[in-house]
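Order of the sequence lines sets the chain letters (A, B, ...), proteins ahead of strands, with each chain counted from 1.
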Amino acid sequence: MPDLPFSERIAGLDAVALARRLIGATLLVRGAGGTIIETEAYGRDDPASHSFRGPTRRNASMFGPAGHAYVYRSYGIHLCLNVVAGPGEAVLIRALAPQTGIELMQSRRRGSPLLCSGPGRLAEALGIRIEDDGAPFDGTDFSIALPGTPPDLLVGPRIGISKAQDLPWRFGLAGVTGLSRPFPG
DNA sequence: AATAGGATCTCCT
DNA sequence: GGAGATCCTATTG
């Protein structure tokens with residue numbers, strides 16, 4: 001049984017479906033990574049999404065092919081890593097359970113024990129660069145392996161947004177440490 | 001434990 | 001000019 005490419009395995013999923021599917025997946029970026037334990041979905045007609053007002057230079061890759069990266073600069077300082085779903089839709093990767101390349105990630109994080117808990121920390125630990133915007137998850141530099149069986153999910157409202165705060169579009173892996181924040185409830 | 005300020009990019013009004 | 005899908009450090013209760 002040949003593996004289907006990642007882009008074909010997620011074809012047709014909207015951001016919410018992809019955000020749920022990515023929990024428990026293994027993300028590797030140039031030899032560093034781990035298990036995805038926290039994601040958020042951002043939709044096309046979603047006031048909290050960068051795509052809400054249509055394409056700009058920054059968000060162009062959100063309107064590009066599904067299964068590629070959308071990397072943007074946050075608050076002028078940090079980078080954040082997303083996986084593009086349908087047109088204008090993406091999934092923000094907010095936390096990993098580190099597994100591979102831990103020493104490399106520790107050195108990039110300058111000894112902080114919080115390696116990959118939070119989108120900015122995760123991007124720094126993985127060595128994400130702004131030039132990675134638009135890169136495919138095809139095994140060249142970026143790869144994602146989806147989990148065999150669906151894990152138990154935590155669901156809650158998204159973090160750090162001021163609009164559409166009621167949507168339960170944040171997802172987490174149940175029973176783990178390392179989430180960027182606890183889930184309510 | 002909680003709060004406040006700084007870093008300084010991209011888009012919007 | 002101001003806000004934002006953030007994080008770190010310092011200071012206060």
Side-chain angles (χ1 to χ4, degrees), chain A residues 13-23 25 27 29 32 34 36-64 66 68-98 105-135 137 142 144 153-173 177-184:
Chain A
L13 298 183
D14 64 19
V16 171
L18 181 60
R20 301 181 69 106
R21 194 72 62 92
L22 289 178
I23 297 295
L27 168 65
V29 177
I36 298 174
I37 60 172
E38 185 180 339
T39 61
E40 281 178 358
Y42 287 88
R44 174 63 186 89
D45 293 307
D46 170 6
S49 172
H50 291 167
S51 61
F52 184 60
R53 295 171 196 280
T56 66
R57 179 137 72 260
R58 175 169 75 154
N59 68 20
S61 45
M62 278 189 88
F63 293 90
H68 288 232
Y70 167 45
V71 176
Y72 70 91
R73 191 170 300 279
S74 174
Y75 291 90
I77 307 290
H78 306 285
L79 296 175
C80 293
L81 173 66
N82 296 249
V83 182
V84 176
E89 305 204 353
V91 176
L92 174 66
I93 310 298
R94 291 190 56 90
L96 298 183
M105 293 193 281
Q106 284 172 336
S107 79
R108 286 171 176 151
R109 294 279 302 129
R110 296 175 298 282
S112 167
L114 298 174
L115 246 45
C116 297
S117 298
R121 294 170 179 142
L122 180 154
E124 181 172 54
L126 294 181
I128 300 292
R129 313 184 276 255
I130 194 63
E131 313 90 80
D132 293 324
D133 185 35
F137 287 88
F142 293 71
I144 293 179
L153 298 187
L154 306 170
V155 182
R158 294 174 290 181
I159 305 279
I161 56 170
S162 59
K163 298 171 188 165
Q165 294 175 337
D166 52 315
L167 295 176
W169 283 5
R170 176 180 177 230
F171 304 97
L173 183 58
T177 59
L179 297 172
S180 68
R181 284 213 49 194
F183 278 73

Item to check | Test side-chain hydrogen bond (donor to acceptor under 3.5 Å, both in side chains) applied to Arg110(A) - qualifying residues, sequence neighbours left out | outcome: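 Partners of Arg110(A) by the side-chain hydrogen bond (donor to acceptor under 3.5 Å, both in side chains) criterion, ordered by chain and then number, come out as Glu124(A).
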
Checklist entry - Distance from Ile128(A) atom CD1 to His78(A) atom NE2, nearest 0.5 Å? => result 14.5 Å

Item to check | Atom pair CD1/CG of Ile37(A) and Leu96(A) - distance to nearest 0.5 Å | outcome: 7.5 Å

Checklist entry - On a whole-Å scale, what distance lies between the C1' atoms belonging to dC8(C) and dT10(B)? => result 22 Å

Next on the checklist: Please report the distance separating the C1' of dA5(C) from the corresponding atom of dT3(B), rounded so that it comes out in whole Å.
Outcome noted: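 That atom pair is separated by 22 Å.
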
For residues [X] and [Y], report the shortest heavy-atom separation together with the two atoms involved.
X	Y	value
Arg94(A)	Ser180(A)	NH2-OG, 3.1 Å
Arg53(A)	Lys163(A)	NH2-NZ, 3.7 Å
Leu18(A)	Ala85(A)	CD2-CB, 3.8 Å
Gly134(A)	His68(A)	O-ND1, 2.9 Å
Val155(A)	Phe183(A)	C-CD2, 3.6 Å

Checklist entry - With no hydrogens and no angle check, is any side-chain donor or acceptor of Glu40(A) less than 3.5 Å from a backbone partner on Leu92(A)? => result no

Checklist entry - Do the side chain of Ser49(A) and the main chain of Arg44(A) share a donor and acceptor less than 3.5 angstrom apart? => result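 Side chain of Ser49(A) to backbone of Arg44(A): no pair is present.
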
Can you find a pair of side-chain heavy atoms, one from [X] and one from [Y], that are under 4.5 Å apart?
X	Y	answer
Leu22(A)	Phe171(A)	no
Ser51(A)	Tyr42(A)	no
Leu154(A)	Leu179(A)	yes
Asp46(A)	Arg158(A)	yes
Leu167(A)	Val16(A)	no

Checklist entry - Rounded to the nearest Å, what distance is computed from the CE atom of residue Met62(A) to the C1' atom of nucleotide dC11(B)? => result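 That distance rounds to 14 Å.
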
Checklist entry - Under a 3.5 Å cut-off on both pairing distances, which runs of 3 or more consecutive Watson-Crick or G-U pairs involve DNA chain C? => result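 Paired runs of 3+ in DNA chain C: B:1-7 with C:6-12, B:9-12 with C:1-4.
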
Checklist entry - Does anything in residues 155-168 of chain A reach DNA chain C, meaning a heavy atom under 4.0 Å, and if so which residues? => result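 Heavy-atom contacts with DNA chain C come from Ile159(A), Gly160(A), Ile161(A), Ser162(A).
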
Checklist outcome for this item: Contact check, residues 76-83 of chain A vs DNA chain B, heavy-atom distance under 4.0 Å, returns Gly76(A), Ile77(A)

Checklist entry - Which of residues 46-56 of chain A have a heavy atom under 4.0 Å from DNA chain B? => result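 Output list: Arg53(A), Thr56(A).
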
Item to check | Nucleotide range of DNA chain C lying under 4.0 Å from chain A heavy atoms | outcome: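 Extent of the interface on DNA chain C: dG4(C) to dC8(C).
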
Checklist entry - If you look at every strand shown and take non-hydrogen atoms under 4.0 Å, does Arg170(A) touch a base, only sugar-phosphate, or nothing? => result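 No contact.
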
Checklist entry - Starting at the 5' end of DNA chain C and moving along, which residue's nearest nucleotide shows up first, Ser112(A) or Glu40(A)? => result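 The residue closer to the strand's 5' end, by nearest nucleotide, is Glu40(A).
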
